[in-house]
Every structure is written in C-alpha cells, then in structure tokens.
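Side chains are part of it too, since the values below use all heavy atoms of this structure and drop only hydrogens, waters and symmetry mates.
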Amino acid sequence: MKIDVLLGLQWGDEGKGKIVDVLTPHYDMIARFQGGPNAGHSLEFNHIKHILHTIPSGIFHEEKINIIGNGVVIDPVVFMNETESLIRLGIDPVKNLYVSKKAHLILPSHRILDAASEAAKGSTKIGSTLKGIGPTYMDKTGRNGIRVGDIVMPGFSEKYRFLTNKHREILGQYDYSYDIEEYEEEWFRGIEKLKSFRLIDSEHLINNFMERGKRVLAEGAQGTLLDIDFGSYPFVTSSNTICAGACTGLGIAPSRIGEVIGIVKAYCTRVGSGPFPTELKDKTGDKLRKQGLEFGSTTGRPRRCGWLDLPALKYSIMLNGVTQLIITKADVLSGFRELKVCTAYKLKGKKIDYLPFDIADEQIEPVYETLTGWDEDITKIHMYDKLPENFKKYIGFIEKETGVKVSIISTGPGREQAIFPFPL
Ligand code: GDP
Ligand code: IMO
Ligand code: MG
C-alpha cells in the first residue's frame with residue numbers, strides 16, 4: 001500500500017485538522033511529518049472544538065495508530081498539556097500514540113532564542129509563533145540538537161546543560177532579558193511524561209504497516225507557501241511543508257507516495273508577516289475574518305484575509321504533485337454578492353502568472369476575475385446537487401483553472417459537514 005499525504009496549499013490554517021479527522025476512518029495510521037507546536041489543528045465533533053499542536057489529528061479515533069514522525073520538533077511542555085487535556089476527555093493517548101526517537105526537542109532556551117531574535121528584528125520580524133521552531137531546526141541542521149531518543153540515554157542531562165549553555169552565550173549578544181528556570185521545571189516534567197510513551201524508530205513501523213497493506217495518512221502542518229525552500233522567504237517556517245517533507249519527515253521513499261491531498265481554503269488567510277498579494281485591508285477583509293472566525297488557533301492573532309490566489313495555488317499544486325483538492329470554509333463565502341479570484345499578477349506594469357523571486361520586496365498587484373456569489377447558507381447541505389448553482393460554478397472554476405478535481409467540500413467546522421462530490 002502507498003502512503004497518502006495531506007497538506008495545506010496556502011499559508012496554513014486551511015482546515016487540515018478537520019479534514020484529517022474526517023478521513024481517519026479510511027486509514028489505519030495517521031503520521032505528522034514536520035513542524036511542531038507552531039501548528040494549531042482544530043477539529044470539532046459533538047459541538048466541542050479541539051485544538052491539537054503536536055499530536056496528529058487522528059487521535060480521537062482510538063483504534064487508529066498515531067505517529068509523531070522524526071521530522072517533527074517537540075516541546076515536552078506543549079506535548080504534556082495536550083496529552084493531559086486528552087486524558088480529561090477520557091482519551092488515553094499512551095495507547096495509540098507513538099513518538100519517533102529521531103524527532104528533535106524544543107528546549108526552553110530555543111523558545112527564548114526565538115523571542116530574542118524576533119524582538120531584535122523589530123519591524124522586519126517574521127511574526128513567528130514564538131514556539132522555538134526556527135532555533136530548534138537550526139540546531140538540528142547544525143548537528144547540535146537533542147532528540148527524543150536521547151532522553152532515555154545516559155548523558156541526557158549533560159547534553160541538555162551543554163546546549164543550554166551554548167544558547168546562553170548566544171543570548172548574551174541580544175539585548176533581551178529572560179528567565180530559563182521558569183519554564184525549565186515544567187519542561188523536565190514534560191520529559192518524564194514523554195518517557196511514558198512508546199518511543200520508537202517510526203520509519204520501520206510506518207514502512208512495515210504499508211508492507212502489510214495497511215493505509216497510512218501523512219498529516220502536514222503549516223502550508224506550502226510557508227515552506228522553507230519555496231515559501232515567501234524569509235517569511236516562512238523552518239521546515240519543508242511540501243510533500244517531499246513527508247519522505248524525509250517519516251522515512252518514506254518517494255515511490256511510496258500515493259494520493260497527494262491538497263487542502264485549500266475557499267479564500268486566503270495568513271498570520272504573521274510577509275507578502276500576501278490578495279490581502280484585503282478593507283471591509284471585505286473584515287467580513288471574511290468575522291464570518292470565517294479567522295483568529296489563530298495557536299496564538300489567537302487575527303488572521304489577515306483575502307481572495308483566493310490561483311497563481312499561488314497552481315504553484316503549490318505543482319510543487320506537491322497534488323492529485324485531489326479539498327475545499328474548506330466554502331460556507332464562509334455565503335452572502336458575498338461578488339467573489340473575486342486572482343488569476344494573475346501585475347509586476348511593474350507587466351502581467352505575470354507566477355510568484356516572483358523577490359516577492360518579499362516587490363509590490364505585486366493581483367489581477368482578478370469576478371464571479372457571482374450566493375446567499376444560501378450551505379452549512380446544513382449534505383448533497384452536492386443541493387448546493388447553489390453559483391457555488392458549483394465557483395468550484396468548477398477552481399477545477400478548470402487548476403486541472404485538479406475537488407474530492408471533498410467542507411461546509412463547516414463539524415465532522416459531519418463534508419460533501420463528497422464523487423466517491424473516494
Ligand atoms: P489547520 O491548521 O489547517 O488545521 O486549520 P485551523 O484549525 O488552524 O483553522 C481552521 C479553522 O476553521 C478552525 O477553527 C476550524 O474549526 C474551522 N474550519 C475548518 N473547516 C471549516 C469549514 O469548512 N467551515 C468553517 N466555517 N470552518 C471550518
Ligand atoms: P498550521 O499547521 C499558520 C507562520 C507564523 C509565521 C511563520 C513562521 O496550524 O497551519 P514559526 O513559528 O513557524 O517560526 O513561524 O509561519 N505559521 C503558521 N501560520 N498556520 C500554521 O500552522 C503556522 N505555523 C507557523 O505565523 O508567520
Ligand atoms: Mg492552524
């Protein structure tokens with residue numbers, strides 16, 4: 001069996017958590033492959049909303065195995081808090097959650113370095129989630145990091161002290177006051193919690209599952225336009241959010257990738273700094289934010305909102321080899337008389353259909369096509385045929401422009417709010 005990969009095609013928060021939860025019954029294993037507690041994946045059932053940061057979104061299906069892969073970075077405190085809130089809900093993740101020994105740990109000092117670096121950047125800051133993501137991946141690639149498997153090895157405390165001292169030296173170069181001890185105590189409690197989980201070389205288990213004909217779904221975090229290589233650098237995250245990241249983040253050969261499921265919000269949002277060609281800094285943008293409840297799941301920050309951006313979407317589809325699209329938050333567009341879709345950009349008076357290299361410095365102007373909106377509330381519709389005609393035209397336009405079929409339309413945050421236009 002091949003592994004299917006589910007990932008965001010925009011700037012994150014496309015609704016990956018909800019869709020993974022919807023698709024989990026079709027799989028035996030759900031595996032997160034990159035990112036860390038910068039992610040906030042929401043899912044909702046029985047009218048209760050859950051937000052996951054490190055733990056895969058298949059965790060609410062107790063008979064399914066969930067994996068935190070080697071490509072993920074883990075903050076033991078966030079992990080502990082997440083597991084404790086699951087336990088309060090009567091779900092014991094120790095039973096069905098395995099953690100890669102090769103995943104890297106976010107130290108208290110990584111969080112401080114993240115904050116100090118952002119503070120020093122002033123107005124050019126990335127708008128990081130301040131979870132320590134960048135500094136942790138820097139230590140990973142710099143070959144200084146501490147991995148989950150180290151916590152049960154002799155010499156762990158020395159490794160911790162050595163790296164923390166190194167960070168203290170770096171922090172000395174910043175004009176930034178901090179208190180590591182405050183977080184450290186909790187961090188070590190988190191380490192003890194982590195020890196109660198099955199710490200494994202997850203690449204073997206995942207490949208073994210596939211060999212035995214079991215179905216595995218890889219769950220991406222962030223979105224393609226935040227990818228370290230292909231996103232709007234430097235306003236990106238520090239991991240490969242694209243499909244290739246699933247290979248390195250789980251230990252899967254490229255030839256084992258099956259379906260690539262791209263999640264697209266029916267419009268665009270972005271949190272943090274960086275270019276956003278279709279951003280609406282007007283009443284329409286405010287309306288999208290209000291109707292879409294666009295506030296960060298991890299930081300609570302208001303999300304910047306704008307129209308759907310097709311050149312950016314096509315770029316994401318190309319980079320990932322997307323085989324099917326899932327459109328989320330389509331319900332949020334009800335009540336807009338007109339819907340604009342960006343089909344190209346204008347750069348220095350010239351029309352282009354790609355994201356330019358220097359997008360972070362250049363002022364690119366979106367070129368729009370206007371479609372007619374719909375008024376109907378679609379949150380309670382369960383059959384494709386019952387959807388408003390203009391809604392179907394909107395979906396048809398996306399399919400025609402991208403050349404990829406839409407396999408699910410999400411019409412609300414709830415598990416049951418999903419329309420399957422054709423059988424999976
Ligand atoms: P993720 O990071 O990709 O998992 O997305 P987030 O959970 O950060 O943000 C998506 C938000 O939209 C969450 O609050 C979800 O509950 C909500 N959501 C997901 N799908 C839909 C949908 O189809 N319609 C509406 N109205 N909300 C949705
Ligand atoms: P999910 O998985 C939206 C953004 C931050 C910032 C940039 C770098 O919920 O879609 P980092 O903390 O990674 O160094 O921040 O990336 N960012 C996200 N935006 N959704 C996310 O995750 C994000 N994770 C990071 O806002 O602009
Ligand atoms: Mg999110």
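Checking K265 against T269 by side-chain atom types alone, a donor-acceptor pair falls below 3.5 Å. Between S410 and K18, the side chains place a donor N or O and an acceptor N or O closer than 3.5 Å (distance only, hydrogens not considered). At a cut-off of 3.5 Å, with distance as the only test, no side-chain donor of Q222 or T241 sits close to an acceptor on the other residue. If you check the side chains of Q417 and T411, you find no donor sitting under 3.5 Å from an acceptor. In this model, no donor atom of one side chain and acceptor atom of the other lie less than 3.5 Å apart for Y233 and D227. No side-chain N or O of S100 forms a donor-acceptor pair with one of D201 less than 3.5 Å apart. Side-chain contact annotation: N165 with R161, donor-acceptor N/O pair under 3.5 Å absent. Side-chain atoms of D139 and H110 form a donor-acceptor pair, as typed in the model, at a separation below 3.5 Å.
For the pair E181 and R168, the salt-bridge criterion is met [side-chain N within less than 4.0 Å of a carboxylate O]. Salt bridge status for E294 with R289: absent, with no side-chain N to carboxylate O gap under 4.0 Å. Salt bridge D75/K131: absent, no basic N to carboxylate O contact under 4.0 Å. One finds a salt bridge joining R256 and E211 here, because a Lys/Arg side-chain nitrogen approaches an Asp/Glu carboxylate oxygen to under 4.0 Å. With respect to K159 and D150, a salt bridge is recorded, a charged nitrogen being found less than 4.0 Å from a carboxylate O.
For the atom pair CD1 (I59) and CD1 (I91), the distance works out to 7.5 Å, reported to the nearest 0.5 Å. A distance of 5.5 Å separates CZ in F235 from OG in S273, rounded to the nearest 0.5 Å. To the nearest 0.5 Å, the span separating CD on E416 from OG1 on T379 amounts to 10.0 Å. Atom OH of residue Y160 and atom CD1 of residue I191 lie 9.0 Å apart, to the nearest 0.5 angstrom. Between the CD1 atom of I146 and the CG atom of N144 there is a distance of 9.5 Å, given to the nearest 0.5 Å. The OG atom of S334 sits 5.0 Å away from atom CD1 of I378, with the distance rounded to the nearest 0.5 Å.
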>> Before you tell me yes or no, could you show the steps for H61 and D21 under side chain to side chain donor-acceptor pair (under 3.5 Å), namely the whole-Å CA-CA distance, both residues' side-chain angles and the distance that decides it to 0.1 Å?
In response: CA-CA 8 Å; H61 299 257; D21 178 57; 3.1 Å; yes
Report task. Please lay out, stage by stage, how L7 and I261 fare under the test side-chain contact (heavy atoms from CB on, under 4.5 Å). Result -> CA-CA 6 Å; L7 32 74; I261 306 165; over 6 Å; no
How far apart are the C-alpha atoms of E369 and T343, what are their side-chain angles, what is the distance that settles it, and do they pass the side chain to side chain donor-acceptor pair (under 3.5 Å) test?
CA-CA 7 Å; E369 199 149 313; T343 51; 4.5 Å; no
- Working for salt bridge (charged side-chain N to carboxylate O under 4.0 Å, His left out), residues K195 and E192: CA-CA 5 Å; K195 282 184 190 164; E192 289 311 308; 3.0 Å; yes
Practice prompt. Check the pair Y345, Y354 against ring pair (Phe, Tyr, Trp, His ring centres under 6.0 Å), reporting the backbone distance first and the verdict last.
Written response: CA-CA 8 Å; Y345 309 121; Y354 59 89; 8.2 Å; no
Going through the checks in order, is the side chain to side chain donor-acceptor pair (under 3.5 Å) test met by T323 and E259? CA-CA 6 Å; T323 58; E259 289 292 311; 2.7 Å; yes
Would S407 and F420 count as a side-chain contact (heavy atoms from CB on, under 4.5 Å) here? Give the steps.
CA-CA 6 Å; S407 60; F420 297 74; over 6 Å; no
Let me see the working for R304 and E279 under salt bridge (charged side-chain N to carboxylate O under 4.0 Å, His left out), right down to the final yes or no.
-> CA-CA 7 Å; R304 299 155 66 192; E279 181 171 14; 2.9 Å; yes
Side chain to side chain donor-acceptor pair (under 3.5 Å) between N320 and T224, worked out: CA-CA 8 Å; N320 292 302; T224 299; 2.9 Å; yes
- In sequence, state the C-alpha distance, the side-chain angles, and the governing distance for E401 and K314, and then conclude on salt bridge (charged side-chain N to carboxylate O under 4.0 Å, His left out). CA-CA 8 Å; E401 288 283 321; K314 287 182 198 170; 3.3 Å; yes
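S239 places no side-chain N or O within donor-acceptor distance of the main-chain N or O of Q34, the cut-off being under 3.5 Å. Side-chain atoms of D92 never come within 3.5 Å of backbone atoms of K95 as a donor-acceptor pair (strictly under, hydrogens ignored). Proximity of a side-chain donor or acceptor of S316 to a complementary backbone N or O of A312 within less than 3.5 Å is detected. Side chain of N96 to main chain of K64: a donor-acceptor pair is present (N/O by atom type, distance under 3.5 Å, no hydrogens or angles). Side-chain atoms of K102 never come within 3.5 Å of backbone atoms of G71 as a donor-acceptor pair (strictly under, hydrogens ignored). Side-chain atoms of K329 come within 3.5 Å of backbone atoms of G292 as a donor-acceptor pair (strictly under, hydrogens ignored). In this structure, the side chain of E118 engages the main chain of S128 through a donor-acceptor pair within 3.5 Å. At least one donor-acceptor pair closer than 3.5 Å links the side chain of N207 to the backbone N or O of G251. Looking at H104, its side chain never comes within 3.5 Å of a backbone N or O of V73 through a donor-acceptor pair. Of the possible polar contacts, none joining the E219 side chain to the G17 backbone as a donor-acceptor pair under 3.5 Å is found.
Residue D13 forms a side-chain contact (heavy atoms from CB on, under 4.5 Å) with just one option from H41, R270, R303, and that option is R303. Evaluated for a side-chain contact (heavy atoms from CB on, under 4.5 Å) with V264, the options V404, I326, I327, T328 yield exactly one hit, I327. Across T24, N66, L217, L205, a single residue satisfies side-chain contact (heavy atoms from CB on, under 4.5 Å) together with M29, and that is L205. For the pairing with V341, the side-chain contact (heavy atoms from CB on, under 4.5 Å) check across Y394, Y267, Y368 returns one residue only, Y394.
Within a 6.0 Å radius of CZ in F295, more than 12 heavy atoms belonging to other residues, nucleotides or ligands are found. For CD of E63, the number of neighbouring non-hydrogen atoms (other residues, nucleotides, ligands) closer than 6.0 Å is greater than 12. Annotation: E182, atom CD; neighbour count of heavy atoms from other residues, nucleotides and ligands within 6.0 Å does not exceed 12. Atom CD of E84 is surrounded by more than 12 heavy atoms from other residues, nucleotides or ligands within 6.0 Å.
Between F197 and F79, the ring centre distance stays below 6.0 Å. A centroid separation of less than 6.0 Å is found between the aromatic rings of F45 and H50.
Judged by the 6.0 Å and 45° rule, R215 forms a cation-pi pair with Y27. Annotation: cation-pi geometry satisfied between R111 and Y183 (NZ/CZ under 6.0 angstrom from ring centroid, within 45° of ring axis).
Using a 4.5 Å heavy-atom cutoff, the side chains of D229 and N240 are in contact.
Ring geometry, W187 versus F156: the interplanar angle falls under 30°, so the pair is classed parallel (tilted spans 30 to 60°).
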